[in-house]
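So you know, we letter chains A, B, ... as the sequences are listed, proteins then strands, and number each from 1.
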Number of protein chains: 2
Amino acid sequence: MNQYWEKIKKAGLKLTPRRKAIVDIFIKLNRYASAEDVWEILSKKFKRCGLPGVYRNLESLVDCGVLAKVEKFDNKKYYALCLAGSSHHHHIVCLNCDKVEDISCYAGESLKKIKGFKVLNHFFQASGICAACARGGKA
Amino acid sequence: MNQYWEKIKKAGLKLTPRRKAIVDIFIKLNRYASAEDVWEILSKKFKRCGLPGVYRNLESLVDCGVLAKVEKFDNKKYYALCLAGSSHHHHIVCLNCDKVEDISCYAGESLKKIKGFKVLNHFFQASGICAACARGGKA
DNA sequence: ATTCTAAATGGAAATAATTTCTATTTAGAG
DNA sequence: CTCTAAATAGAAATTATTTCCATTTAGAAT
Ligand SMILES: [Mn+2]
Ligand SMILES: [Mn+2]
Ligand SMILES: [Zn+2]
Ligand SMILES: [Zn+2]
């Protein structure tokens with residue numbers, strides 16, 4: 001019973017073979033992926049396997065904190081494993097290998113009020129080149 | 001020749017009736033809007049008016065710095081007038097009236113390197129309630 | 001003012017991502 | 001082992017956006 005399975009159970013969701021397999025895929029990938037990416041890999045393991053089911057599962061895994069949404073600003077949805085859990089934090093994405101890491105939120109009191117706005121939410125995401133890729137780890 | 005028209009000219013784009021009208025729409029709206037929102041309003045002024053043309057224009061107006069993209073994280077594209085021009089900055093959006101204002105970027109040197117990543121880009125967007133809405137300015 | 005050409009345009013159709021619907025299966029509580 | 005709500009597949013629908021192509025036009029050059 002790994003940490004991800006526990007999150008799934010704790011949220012009152014069933015620990016189905018699909019969900020286990022999807023978590024597994026993300027652990028092995030070690031990068032963000034789209035619903036279709038996941039579906040392609042999942043299809044090798046399960047001959048009958050619907051894309052709508054993948055979408056549903058990705059959303060439920062976000063809801064229970066196993067996955068985080070990653071933005072590529074291309075009007076597609078992307079997901080990555082989220083280690084940091086449910087405490088507020090952000091993500092940095094490698095432009096070369098698509099790896100995602102948690103980063104803490106820098107916004108403090110200064111972000112309560114800006115330009116007369118009462119600030120309620122914010123989204124931050126950084127991108128760049130990870131240490132491994134900088135070293136030439138993977139082209 | 002207002003500041004927006006000048007940006008359009010300066011970018012080597014033609015100052016067409018469509019573009020003038022789209023800029024006008026955003027000035028009057030004073031909030032972010034989708035391509036379809038803009039198209040609906042534009043259709044009242046021009047009987048023949050294609051949605052693909054609106055998409056094309058919105059993108060070219062972003063390219064020349066007249067508009068900024070706004071994220072609602074719903075896999076649709078939204079745009080708003082950008083006063084601050086081309087210098088790096090971010091936006092805050094009112095959850096009640098959809099107004100958008102420029103905000104400066106807080107990220108400094110600390111954002112050059114995070115978690116071993118060489119940081120190349122970042123996206124920030126805040127949302128909340130604007131002063132006017134807080135005052136009950138508009139339900 | 002007239003001509004000219006690259007840029008802009010409308011509209012139909014294509015594409016792409018995501019969601020809805022419905023019938024069937026199944027995890028896991030009892 | 002039984003039972004039921006949750007999960008599922010697959011087809012079809014929906015939605016946003018883009019592509020394509022024939023026509024028009026802004027604005028530079030005459
Ligand atoms: Mn995370
Ligand atoms: Mn702006
Ligand atoms: Zn990398
Ligand atoms: Zn407001």
Side-chain angles (χ1 to χ4, degrees), chain A residues 1-2 4-25 32-64 66-67 69-79, chain B residues 1-2 4-25 32-64 66-67 69-79:
Chain A
M1 180 74 81
N2 70 40
Y4 305 111
W5 297 13
E6 278 180 18
K7 282 186 186 176
I8 292 169
K9 299 288 285 183
K10 200 161 291 179
L13 299 171
K14 291 184 180 176
L15 191 53
T16 66
R18 280 292 148 29
R19 288 194 175 127
K20 289 181 191 171
I22 290 174
V23 169
D24 229 50
I25 285 168
Y32 67 80
S34 69
E36 193 165 2
D37 293 336
V38 171
W39 175 68
E40 266 173 37
I41 300 169
L42 203 60
S43 298
K44 289 172 189 157
K45 201 176 175 85
F46 302 88
K47 52 278 137 211
R48 319 185 91 245
C49 182
L51 195 43
V54 173
Y55 274 100
R56 275 188 307 258
N57 272 320
L58 291 174
E59 280 307 307
S60 63
L61 290 172
V62 169
D63 291 344
C64 73
V66 169
L67 300 180
K69 294 194 183 200
V70 171
E71 278 295 326
K72 273 190 78 176
F73 305 103
D74 65 349
N75 287 44
K76 280 181 65 173
K77 293 181 173 173
Y78 296 92
Y79 304 85
Chain B
M1 180 75 81
N2 69 40
Y4 304 111
W5 296 13
E6 277 180 19
K7 281 185 186 176
I8 292 170
K9 299 287 286 183
K10 201 161 290 178
L13 299 172
K14 291 184 182 176
L15 191 52
T16 66
R18 280 302 134 72
R19 288 195 176 126
K20 289 181 190 171
I22 290 174
V23 169
D24 230 51
I25 285 168
Y32 67 80
S34 68
E36 193 165 1
D37 294 336
V38 171
W39 175 68
E40 267 173 36
I41 300 170
L42 203 60
S43 298
K44 290 172 190 159
K45 201 175 175 84
F46 302 88
K47 53 276 138 215
R48 319 183 92 247
C49 181
L51 196 43
V54 173
Y55 275 100
R56 275 187 308 253
N57 272 319
L58 292 173
E59 279 307 308
S60 62
L61 291 171
V62 168
D63 291 345
C64 72
V66 169
L67 300 180
K69 295 195 184 200
V70 171
E71 278 295 327
K72 275 190 75 176
F73 306 104
D74 65 349
N75 287 44
K76 278 181 68 173
K77 293 181 173 173
Y78 296 92
Y79 303 85

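- One finds the CH2 atom of B:W5 at 8.0 Å from the CG atom of B:D24 (value rounded to the nearest 0.5 Å).
- We find that CH2 of A:W39 is positioned 12 Å from C1' of D:dA9, with the value rounded to whole Å.
- Straight-line distance from the NZ atom of B:K10 to the P atom of D:dG27: 16 Å, rounded to whole Å.
- A close approach under 4.0 Å does occur between a side-chain nitrogen or oxygen of B:K77 and OP1 or OP2 of D:dT18.
- When atom types are taken as modelled, the side chain of B:R19 and the backbone of B:K14 share a donor-acceptor pair closer than 3.5 angstrom.
- Checked against D:dT17, C:dT9, C:dA17, the side chain of B:K76 finds its nearest nucleotide in D:dT17.
- Checking the phosphate oxygens (OP1, OP2) of D:dG10, a side-chain nitrogen or oxygen of A:R48 falls inside 4.0 Å.
- Contact annotation: B:N75 side-chain N/O to C:dT18 OP1/OP2 distance is under 4.0 Å.
- Regarding contacts with the backbone of C:dT26, every side-chain N or O of A:T16 stays at 4.0 angstrom or more from both OP1 and OP2.
- Here the P atom of nucleotide D:dA6 and the CD1 atom of A:I8 are 16 Å apart, to the nearest Å.
- With rounding to whole Å, B:L58 atom CG is found 14 Å from C:dA8 atom P.
- You'll find that the side chain of A:L51 is closest to C:dT18, out of D:dA26, C:dA17, C:dT18.
- In terms of phosphate contacts, A:Y55 brings a side-chain nitrogen or oxygen within less than 4.0 Å of OP1 or OP2 of C:dT18.
- When each of D:dA7, C:dT18, D:dG27 is scored by its nearest atom to the side-chain atoms of A:K14, the top-ranked nucleotide is D:dA7.
- The distance between atom CG of B:L15 and atom P of C:dA7, rounded to the nearest whole Å, is 16 Å.
- The phosphate of C:dT9 (OP1 or OP2) has no side-chain N or O of B:K47 nearer than 4.0 angstrom.
- Nearest-nucleotide assignment on DNA chain D puts the 5′-proximal partner with B:R56, out of B:K9 and B:R56.
- Computed from coordinates, the A:D74 CG to C:dT18 P distance equals 9 Å when rounded to whole Å.
- Side-chain polar atoms of A:E59 and A:Y79 form a donor-acceptor pair below 3.5 angstrom.
- Rounded to whole Å, the distance from CG on A:N57 to P on D:dA6 is 15 Å.
- Note on A:R18: only backbone sugar-phosphate atoms sit closer than 4.0 angstrom, heavy atoms only; bases stay farther off.
- Mapping B:C49 and A:S34 onto DNA chain C by nearest heavy atom places B:C49 at the nucleotide closer to the 5' end.
- Among the heavy atoms of the strands lying under 4.0 Å from A:R19 are primed sugar atoms or P, OP1, OP2 only; no base atom is included.
- One atom, OH of A:Y79, and another, C1' of C:dA17, lie 11 Å apart when rounded to the nearest Å.
- Side chain to side chain, A:N57 and A:R18 fail the donor-acceptor criterion of an N or O pair below 3.5 Å.
- Place B:L13 and B:A35 on DNA chain D by their nearest nucleotides, and B:A35 ends up nearer the 5' end.
- A donor-acceptor pair shorter than 3.5 Å can be found between the side chains of B:D37 and B:S34.
- No donor-acceptor pair under 3.5 Å is formed between the side chain of B:W39 and the backbone N or O of B:Y55.
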